[in-house]
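Each remark here refers to the structure printed beneath this line.
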Amino acid sequence: MKGDKIVAFCDCNCNVIAPFVAAAGNRNESPLLREALPQVIRIAHAIGLDLQGAIVSLDGVYDCRKNRKAIFNRGMIPNINANRVVEKSPSEPQAALRRFHIQRAIQYD
């Protein structure tokens with residue numbers, strides 16, 4: 001069975017702030033983030049949103065050096081659940097709580 005994978009960027013109120021990047025269900029999600037980041041930055045500039053210092057909370061599947069570097073180079077702070085293979089320091093509790101709320105809101109859509 002084949003499905004779709006979607007990368008959507010949401011704010012703390014679960015409002016989508018960037019277009020979706022979709023791919024086939026059998027494709028790895030991690031490269032989708034690097035495709036979606038330029039769109040997020042373009043839309044943020046268009047609407048006057050400053051993303052400098054913003055926390056980007058993601059699932060552990062996105063935990064790789066390339067994704068962290070792409071987020072960091074755009075002036076944002078990566079907050080990604082640790083992948084078993086990649087070690088990192090524990091995330092901030094407040095950012096983890098935000099990620100929890102967004103994941104639950106998207107789950108019930």
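Among Ile55, Leu51, Val56, the one residue that satisfies the side chain to side chain contact (heavy atoms under 4.5 Å, CB included) test with Ile71 is Val56.
The CG atom of Leu49 lies 9.0 Å from the CD1 atom of Ile41; values are rounded to the nearest 0.5 Å. Note that the CG atom of Leu33 and the NZ atom of Lys66 stand 12.5 Å from one another [nearest 0.5 Å]. Annotation: the span from Glu35 atom CD to Ser30 atom OG amounts to 10.5 Å, rounded to 0.5 Å.
When every heavy atom of Gly53 is checked against every heavy atom of Ile77, the shortest pair comes out as O-CD1, 3.5 Å.
Arg68 places a side-chain heavy atom less than 4.5 Å from the side chain of Ile80. The shortest side-chain heavy-atom distance between Leu37 and Met76 falls under the 4.5 Å cut-off. Between Arg34 and Cys64, the closest side-chain pair of non-hydrogen atoms falls below 4.5 Å. Considering only heavy atoms from C-beta on, Pro38 comes within 4.5 Å of Arg74 through its side chain.
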Test log, rule side chain to side chain contact (heavy atoms under 4.5 Å, CB included), inputs Leu58 and Asn81 | CA-CA 7 Å; Leu58 297 168; Asn81 284 339; over 6 Å; no

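Listed by first and then second residue, the side-chain hydrogen bond (donor to acceptor under 3.5 Å, both in side chains) pairs that reach into residues 46-62 are Glu29-Tyr62, Ser57-Asn79, sequence neighbours excluded.
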